[in-house]
Protein chains: 2
Amino acid sequence: MAVTISDVARAAGVSKGAVSYALNGRPGVSDVTRQRIVEAAKQLGWKPSLRAKGFSSSKAYALGLVVARDLKLLGTDPFFPAFIAGIESTLSEHEYALVLTIATDPDAEERSYRKLVEGGRVDGVILTDMRNDDSRIALLRELKLPAVTLERSDTPSPFTALRTDDTDGITAAVDHLIGLGHTRIAHVGGAQAYVHGRSRRLAWERALSAAGLPADLFADADFTASGGVTATEALLRRPDRPTAIVYANDLMATAGQSFALTHGFTVPGDLSITGFDNAEFAQYLNPPLTTISSDPLRWGRLAAAVLLDQLAGTHDGQDIVLPPPRLLVRGSTGPVRFSTT
Amino acid sequence: MAVTISDVARAAGVSKGAVSYALNGRPGVSDVTRQRIVEAAKQLGWKPSLRAKGFSSSKAYALGLVVARDLKLLGTDPFFPAFIAGIESTLSEHEYALVLTIATDPDAEERSYRKLVEGGRVDGVILTDMRNDDSRIALLRELKLPAVTLERSDTPSPFTALRTDDTDGITAAVDHLIGLGHTRIAHVGGAQAYVHGRSRRLAWERALSAAGLPADLFADADFTASGGVTATEALLRRPDRPTAIVYANDLMATAGQSFALTHGFTVPGDLSITGFDNAEFAQYLNPPLTTISSDPLRWGRLAAAVLLDQLAGTHDGQDIVLPPPRLLVRGSTGPVRFSTT
DNA sequence: TTCCATTGCTGAACCGGTTCAGTAAATCCA
DNA sequence: TGGATTTACTGAACCGGTTCAGCAATGGAA
């Protein structure tokens, strides 16, 4: 039905092999012949069949992304859509496609990777939400599946990582609060099993230490809204309650802010609040949320580009370091009102 | 490297063809032989190569989803992640994969579909965000790409649609407000080019008419937060300003509520507010948002199932009607306080 | 007993590319 | 000028399944 390489070969008066060489920029064809073949291909509107290519070259011409997240988090996270859009923008330039899998339970995650490999669906995968002691690294080594990771797990990994310093965003937030006179600055942490959960916490600790302040107001949570509420409540109940809370993401910050407001605290009067992610709704809260913004589109674009380079053998394996996230100061942070003891 | 059909054939002492017939449940093999072949395949751990299958049968064993949305909307919309998860849950049972494309500009959308077809990436696609006069319908007919649509466009379409009555959700919201004594109930509409934007508006109009109330407080918007703010401002400036606003989605409602609060209105005292979608953050606003919740997971599951049925030729082409969305009453709606003239 | 139909299987073609061994012609070098 | 090397191309094998024509064996009907 569609035009095949044989049609082109016939039209150009050469063999299939010659067409293949010519169109793939391989040597072994003279310039005149190449020109003639290219012309014939254009004339006939030949699009090489990806299926045939994939079959004969054992490639999928696709990358995979397995997202293992609670749906409640996925639906409010501005990171993923933009990240995926970034991946796409790179892939579409290279005739690659993105195969997306959502794994809702932990077992499903491993099964997803195995299926992607067994089915020969993808040539490589992008790992997000890196965990400390991340089992996926061993899994992918076993499956011999090329990968790129977002951030580095503490598990030694042979895969190229895209890194940034979450540090800088959190540091900027803490410094901003210190500049406003706050001394009791708490942190509501994201799940500490995740690299970004932990690194944000460590950044908060270091920033306080650097200013000679104690980092003792920590409440563990899990990036969810309800977790944010619980953690906020615990912090606000303390006799030495904080005058500012640095949250590990916008969803927890939103929930925390709402909790504080409904319990008689004013924001930022009694309590300053910062988030992380720059979710679209965050600037439409009352007060709008001071938050930290990274560039997920760029992350996605780069992650895909690095992985493709790696598949082509043109990447040196060096980690890529991305610019640090930016602090967006909005209404939820203000000068400390009075100093309680 | 991997075990192929020839290995199985050799092990079972039959021809490749026999193996193919046996494992695909086709006639032409005796039960004993079939049993022996199945045994041999299991023994060797044979997984038929999807690539080879796809190549020889001209199938992709994958469905496509092209998302053409502003990133700002995608990142806050709880619908898509859950919808995709639903698709996945069906596909994973059928050895199908999901190829996801994000199209950021209108031209990119058409290009995406064309690429999916030309590359033979997918066997069918799921259309979301149906528009009135939707150009994709003609495009997919031209491309001969099977599809399932979410909601029906007014453009006649040969594709099976999954339908529901947005009507019921909005009607419930309006009735709830009327029950609270409201008579000036406004609507901040989503982009009217979309089927769901328009149907929500019509539902609002009908519900008011049914109660003998005028449907004159309409402000057009586009589902975005900033659009929601502008529309809200316009409504609240009117001399006959509403005592309740029904928004077409949660993001606009959130932005609208924040706008109202910062301009001296109390919610729900001066103004009751309802959203649509049940975004995770919506219940953590202050006050928490009364909203309308559908079941995107189920939608996804069904959409994929119907499309697969269709590809297998076992679907009758009838539209699928889904249960109506539910109203979730929370703090942003309350009794009307006083009646202005 | 003969003829026909059915069952169960084989062998080969086929899908549309890539890749490699082989060959004829052109070019180079001594 | 002759031999070696290089260039430009062909033909065929190959990837791993599906599918179909054909054939032998079996069973049933006449």
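Treat the numbers as computed from the prediction; the structure is a model and nothing was measured.
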So [X], base contact, sugar-phosphate only, or nothing? Heavy-atom distance under 4.0 Å.
{"X": "A:S30", "result": "sugar-phosphate"}
{"X": "B:S20", "result": "base"}
{"X": "A:G13", "result": "sugar-phosphate"}

How close or far is atom [atom2] of [N] from atom [atom1] of [X], stated in whole angstroms?
{"X": "B:D7", "N": "D:dC15", "atom1": "CG", "atom2": "P", "answer": "11 Å"}
{"X": "B:E95", "N": "D:dG17", "atom1": "CD", "atom2": "C1'", "answer": "16 Å"}
{"X": "A:I5", "N": "C:dC14", "atom1": "CD1", "atom2": "C1'", "answer": "16 Å"}
{"X": "A:Y21", "N": "D:dC9", "atom1": "OH", "atom2": "C1'", "answer": "9 Å"}
{"X": "A:N24", "N": "D:dA8", "atom1": "CG", "atom2": "P", "answer": "17 Å"}
{"X": "B:R10", "N": "C:dT10", "atom1": "CZ", "atom2": "P", "answer": "14 Å"}
{"X": "B:K59", "N": "C:dC14", "atom1": "NZ", "atom2": "P", "answer": "23 Å"}

Report task. Assess whether salt bridge (charged side-chain N to carboxylate O under 4.0 Å, His left out) is satisfied between B:E109 and B:R131, documenting all intermediate values. Result -> CA-CA 13 Å; B:E109 187 181 34; B:R131 302 183 286 261; 3.0 Å; yes
Query raised in the report: Which of residues 34-56 of chain A sit near DNA chain D, with a heavy atom under 4.0 Å from it?
Result: A:F55, A:S56
Query raised in the report: In terms of side-chain heavy atoms, does B:T160 have a donor or acceptor partner in B:Q310 at a distance below 3.5 Å?
Result: yes
Query raised in the report: Are any of the side-chain nitrogens in B:R136 or B:D134 under 4.0 Å away from the carboxylate oxygens of its partner?
Result: yes
Query raised in the report: Does any donor-acceptor pair link the side chain of A:K16 with the base of C:dG17 at a separation under 3.5 Å?
Result: yes
Query raised in the report: Out of C:dT10, C:dG16, D:dT10, which nucleotide sits closest to the side chain of B:V14?
Result: C:dT10
Requested in this report: For the pair B:H196 and B:F223, name the ring-plane relationship: parallel under 30°, tilted 30 to 60°, perpendicular over 60°.
Outcome: parallel
Query - Evaluation steps, salt bridge (charged side-chain N to carboxylate O under 4.0 Å, His left out), between A:E39 and A:R34 - result: CA-CA 8 Å; A:E39 198 55 43; A:R34 187 183 304 267; over 6 Å; no
Query - Whether A:K16 side chain and A:R10 backbone form a donor-acceptor pair below 3.5 Å - result: no
Query raised in the report: Would you say the side-chain atoms of B:T149 pair up with the backbone N or O of B:R152, donor to acceptor, closer than 3.5 Å?
Result: no
Query raised in the report: Starting at the 5' end of DNA chain C and moving along, which residue's nearest nucleotide shows up first, B:S15 or A:Y61?
Result: B:S15
Query raised in the report: OP1 or OP2 of D:dT18 less than 4.0 angstrom from a side-chain nitrogen or oxygen of B:R26, does that happen here?
Result: no
